[in-house]
Chemist: 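My questions all concern the structure below.
Quick caveat, the model's predicted, so the values are computed rather than measured. In the text below, chain A, chain B and the rest are named by the order of the sequence lines, each starting its count at 1.
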Amino acid sequence: MRVLPQELMWKARAGKGYIDYFKQIGTEFVIGQILNLIGTSSKKNLITLTKLFEKIAGSEGSVRHARRMRWLFETDHPHLSWWQKIINELDPNCRNKFLVNFFVHGYYADNQRKRAKFHEKNGFYPPTVLLSSITQKCNFNCTGCWAHNYVVKEDLSFDEWKKVFDEARDEMGVHIMPVVGGEPFIRKDFLDLVELYPDCIFMVFTNGSMLTDETIARIKKLGNVAPMFSLGGWTEATDKIRGEGTFQMVMEKMDKLKKEGIFFGVSLTATKENAEEVVSDEYMKMLSDKGSLWTWVFHYVPVGENPDATLMPTAEQRETIKQAVYNARNTLPMMTVDFWGDGPEMMGCIAGGRQYIHVNAKGDVEACTFVHLATHNVKTSTLTDALASPFMQAVRKGAPYDGNMLRPCMIVDRPWVLRGYYKKFKPYETHKGAADYLTRPEIMQEIDKYAESVAKVMDENWAKDYYMTLFPLPGEYYHDRKILCSSKVPVGGAHGGCEANGGCKCGKDLSAIEQISKDLINV
Amino acid sequence: MPRQINTENCIKCDVCIPACPVDAITKNNDIIQINPNDCVDCETCWRICQEKCIDGGPDKYLELRTEH
């Protein structure tokens with residue numbers, strides 16, 4: 001199987017003594033300096049950078065990641081253009097903060113040591129990502145959003161959030177902190193909080209309306225904030241879901257951020273109504289041209305009180321989204337991620353602390369942004385206690401269920417699993433109606449029907465190996481959305497769509513590439 | 001629909017017992033059983049059983065699930 005088990009991924013790299021430790025810290029520093037000095041956007045320099053990454057890698061998973069990047073760079077994959085775009089077009093402070101905080105702190109270096117320590121002490125690995133709903137207040141009221149379901153008298157205080165972030169960073173080695181809500185920028189002390197964590201990257205999911213010139217100037221100075229704009233299609237579709245004039249407003253904010261050189265992205269929510277639109281080639285190209293460096297494709301999940309289960313993208317639409325995202329990621333200089341279709345990369349469901357955990361505005365520790373059930377609150381316990389609860393343990397232990405990671409979700413793809421956990425562990429609902437999708441027969445019936453239709457499509461794809469991980473593995477090339485990856489070199493050079501991207505030229509010395517591929521796989 | 005173990009093929013390697021997220025698998029008198037009241041049908045045991053003696057997997061999907 002192409003997908004490796006989770007344990008292998010996090011296994012600490014052998015032979016890391018104290019000297020190695022100092023070497024590692026030194027190299028982290030050096031990487032920051034190199035990024036500062038260079039104009040290191042040339043292919044050669046970036047390949048050198050991946051070698052340096054391999055040196056500081058603290059786990060076997062990160063060694064593999066560094067080699068994979070090197071392979072992509074060697075063969076002119078659009079991922080190379082993504083790095084070049086970041087290095088050439090971003091403000092130096094934002095660029096360094098993103099690259100160092102996300103890659104070096106987030107996945108490579110010293111945090112792997114903290115993770116191993118945490119594992120030794122608690123018997124399980126901590127998540128790599130902490131999602132926090134910093135506030136539940138929002139000036140928008142979008143279709144499909146649950147923010148207004150919560151009755152929050154008071155969001156967690158500044159000090160309470162500080163306690164959560166401190167624990168996550170210092171004990172678990174979490175440096176990647178997506179922030180959702182509500183609208184995070186509504187909270188006045190939010191950026192003061194961010195300022196305390198210069199070694200973490202905050203990906204802030206925002207409607208864009210609160211990004212004033214002042215806020216943008218502050219973000220540029222901080223460097224560790226990456227706004228992610230929520231969109232739902234072209235003008236008409238976005239405005240219908242999110243309110244009149246939203247699309248135009250977001251476009252203007254994107255132009256401003258691009259001009260300032262701030263790292264930003266887009267978060268799309270695909271529903272049955274807009275799925276084809278949001279993943280169309282034209283739309284993806286537009287986002288990339290506008291300067292989006294990261295595009296998330298989320299799917300509508302029928303959460304909240306009395307949700308509309310018929311709005312979920314159908315099984316066929318999910319397949320379309322999956323292929324479109326693969327294609328965009330492998331042809332455009334934009335990191336594009338499909339929340340469900342990329343199950344194989346994440347080795348199945350990431351909830352419950354397997355890769356991420358969600359703390360809501362009241363402090364309840366929820367297994368997933370879409371599972372509003374909790375057993376602990378950070379006001380009265382620690383994140384570690386919450387992660388050690390039998391409910392979270394079960395969520396982590398069960399995935400990836402029967403092994404088919406194209407149906408990773410315990411809410412909509414395997415609803416009986418979450419219903420079983422709910423019955424057995426009795427977590428509390430974090431707002432009224434939070435368990436509606438697990439208990440109300442008419443919604444359950446709709447979700448069951450959906451799960452069955454998804455299984456028909458995705459079980460066949462899984463059996464035929466019709467899926468890929470984020471990028472081609474060493475020795476493989478991306479062709480197109482029908483073939484996906486293979487070890488055959490595509491006609492006209494390396495990697496399907498990168499010619500359009502200004503990347504590859506034909507006639508390269510393939511024997512050298514073959515040798516590199518062998519080295520990367522065998523070392 | 002809870003899973004069942006085909007006791008004839010079971011080699012009693014016990015790997016499924018600690019793997020179950022809801023502790024529904026027990027060993028009594030040298031026979032491994034799945035407690036139908038606890039089973040949440042996640043198919044983890046099916047995935048890790050080397051002898052393939054547990055119901056489940058894609059082929060079983062419709063047969064088992066239509067009863068839902």
Chemist: NZ of B/K12: more than 12 outside heavy atoms within 6.0 angstrom?
Modeler: yes

Chemist: For a quick test of reading the model, state the closest non-hydrogen atom pair linking A/D402 to B/R47 and the distance between them.
Modeler: C-CD, 3.8 Å

Chemist: Between chain B and each of A/G420, A/P390, A/P400, count heavy-atom pairs under 4.5 Å; write down the option with the most.
Modeler: A/P400

Chemist: Measuring heavy-atom distances to chain B, does A/Y421 have an atom under 4.5 Å in its side chain, in its backbone, in both, or in neither?
Modeler: both

Chemist: Could you tell me whether A/K272 atom NZ has more than 12 heavy atoms of other residues or ligands within 6.0 Å of it?
Modeler: no

Chemist: For the atom pair NZ (A/K424) and CG (B/D23), what is the distance rounded to the nearest 0.5 Å?
Modeler: 6.0 Å

Chemist: Count the heavy atoms of every other residue, nucleotide or ligand shown that sit under 6.0 Å from CD of A/E442, and state whether that count exceeds 12.
Modeler: yes

Chemist: Quick one: of B/C45, B/A19, B/P21, who has the most non-hydrogen atom pairs under 4.5 Å with chain A?
Modeler: B/P21

Chemist: Do the side chain of A/K397 and the main chain of B/P18 share a donor and acceptor less than 3.5 angstrom apart?
Modeler: yes

Chemist: Side chain, backbone, both or neither: which part of A/A463 has an atom under 4.5 Å from a heavy atom of chain B?
Modeler: neither

Chemist: Using the rule given for side-chain contact (heavy atoms from CB on, under 4.5 Å), can you reason through A/R419 versus B/D41, listing the C-alpha separation, both sets of side-chain angles and the distance that settles it, and then say yes or no?
Modeler: CA-CA 10 Å; A/R419 280 172 212 155; B/D41 202 4; over 6 Å; no

Chemist: Does a side-chain heavy-atom distance below 4.5 Å link B/V40 with A/W416?
Modeler: no

Chemist: Answer yes or no: does atom NZ of A/K423 have more than 12 heavy-atom neighbours from other residues, nucleotides or ligands under 6.0 Å?
Modeler: no

Chemist: Relative to chain A, which segment of B/C20 carries a heavy atom at a distance below 4.5 Å: side chain, backbone, both, or neither?
Modeler: backbone

